[in-house]
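Data block below; observations after.
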Amino acid sequence: MSIQRVDTGARLSKVVVHGDTVYLAGLTADKSAGQSVAAQTQEILAAIDALLAKAGTDKSKLLQATIWLQDIRTVDEMNKVWDAWVPACTAPARACIEARLQSPAKMIVIRVTAGK
């Protein structure tokens with residue numbers, strides 16, 4: 001089975017496709033870093049949409065999501081944006097975890113896996 005990599009750098013690929021499974025790297029916000037968790041979530045979800053499209057799939061085919069929050073008390077704020085983004089009846093298996101992240105300005109990381 002072939003492996004396709006998209007947006008590959010020295011350290012990571014933003015997308016890896018193996019067979020009919022699409023793996024995205026953990027994504028953080030750039031433009032909205034330092035802003036609210038909601039703003040950062042919106043930016044990341046838009047980036048996920050774009051990367052899934054590059055891989056020939058979309059959010060309706062999400063299999064799994066892992067979300068890391070710098071402060072778990074912001075989960076409700078993040079969930080409002082997430083819930084509006086995920087199409088009805090297509091929610092993936094998901095974990096949401098509090099973790100120390102790479103920068104205080106970047107308050108959320110999201111990684112997803114999708115089918116084609």
Side-chain angles (χ1 to χ4, degrees):
M1 213 176 266
S2 68
I3 297 174
Q4 173 192 1
R5 299 175 199 286
V6 178
D7 291 349
T8 300
R11 183 166 292 145
L12 62 90
S13 295
K14 288 188 179 176
V15 180
V16 175
V17 181
H18 181 251
D20 286 334
T21 307
V22 178
Y23 303 89
L24 268 59
L27 301 175
T28 60
D30 292 319
K31 295 176 186 171
S32 60
Q35 296 179 25
S36 68
V37 167
Q40 291 186 37
T41 302
Q42 288 172 335
E43 180 183 337
I44 294 166
L45 296 178
I48 288 171
D49 282 332
L51 290 169
L52 290 174
K54 282 185 177 183
T57 191
D58 62 65
K59 64 187 173 187
S60 71
K61 296 179 181 76
L62 289 178
L63 303 171
Q64 182 175 0
T66 306
I67 302 166
W68 293 269
L69 291 169
Q70 190 131 195
D71 184 346
I72 200 68
R73 293 174 295 184
T74 62
V75 71
D76 290 338
E77 181 182 351
M78 179 276 301
N79 275 334
K80 286 179 186 174
V81 178
W82 176 269
D83 292 345
W85 178 76
V86 174
C89 302
T90 66
R94 191 184 102 165
C96 187
I97 304 154
E98 182 178 64
R100 186 176 321 165
L101 303 179
Q102 61 186 266
S103 162
K106 295 190 176 190
M107 300 182 298
I108 181 170
V109 177
I110 303 175
R111 180 183 64 195
V112 301
T113 304
K116 278 202 156 193

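Side chains are part of it too, since the values below use all heavy atoms of this structure and drop only hydrogens, waters and symmetry mates.
- In this structure, V22 and V17 have side chains that are in contact, with non-hydrogen atoms separated by less than 4.5 Å.
- Atoms CD1 and CD1, from I97 and I67 in turn, are 9.0 Å apart once rounded to the nearest 0.5 Å.
- Following chains of ILVMFWY side-chain contacts shorter than 4.5 Å, one can reach L51 starting from V86, so the two form part of one hydrophobic cluster.
- Linking Ile, Leu, Val, Met, Phe, Trp and Tyr whenever their side-chain heavy atoms come within less than 4.5 Å leaves V75 and V109 in two separate clusters.
- Minimum interatomic distance between A25 and L12 (heavy atoms only, all atoms of both residues): CB-CD1, 4.1 Å.
- A 4.5 Å side-chain heavy-atom check between L101 and T28 finds every atom pair outside the cut-off.
- No continuous path of ILVMFWY side-chain contacts below 4.5 Å connects L27 to L63, so the two sit in separate hydrophobic clusters.
- By the 4.5 Å heavy-atom criterion applied to side chains, D7 and V15 are not counted as neighbours.
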Working for side-chain contact (heavy atoms from CB on, under 4.5 Å), residues D71 and V37:
CA-CA 10 Å; D71 184 346; V37 167; over 6 Å; no

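- By the 4.5 Å heavy-atom criterion applied to side chains, L69 and E98 are not counted as neighbours.
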S32/Q42 under side-chain contact (heavy atoms from CB on, under 4.5 Å): CA gap, chis, key distance, verdict:
CA-CA 9 Å; S32 60; Q42 288 172 335; over 6 Å; no

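- K116 NZ: more than 12 foreign heavy atoms inside a 6.0 Å radius.
- In this structure, L62 and T90 have side chains that are not in contact, with every pair of non-hydrogen atoms separated by 4.5 Å or more.
- A distance of 9.0 Å separates OG1 of T41 from CG of N79, quoted to the nearest 0.5 Å.
- Between the CE atom in M107 and the CD atom in Q40 there is a gap of 4.0 Å [rounded to 0.5 Å].
- Side-chain contact between R111 and W68: present, with at least one pair of heavy atoms (C-beta onward) separated by less than 4.5 Å.
- Between S13 and T8, the closest heavy-atom pair is OG-OG1, 2.8 Å.
- By the criterion of side-chain heavy atoms lying less than 4.5 angstrom apart, applied directly or through intervening Ile, Leu, Val, Met, Phe, Trp or Tyr residues, W82 is grouped together with I72 in one hydrophobic cluster.
- Here the straight-line distance linking atom CH2 of W85 with atom CD1 of I110 works out to 7.5 Å at 0.5 Å rounding.
- Interatomic distance, T57 OG1 to L52 CG, rounded to the nearest 0.5 Å: 6.0 Å.
- Between the NZ atom in K59 and the CG atom in L45 there is a gap of 8.0 Å [rounded to 0.5 Å].
- Using modelled atom types, one side-chain atom of S36 and one backbone atom of A39 make a donor-acceptor pair closer than 3.5 Å.
- Closest non-hydrogen pair, K106 versus A33, comes out as CG-CB, 4.1 Å.
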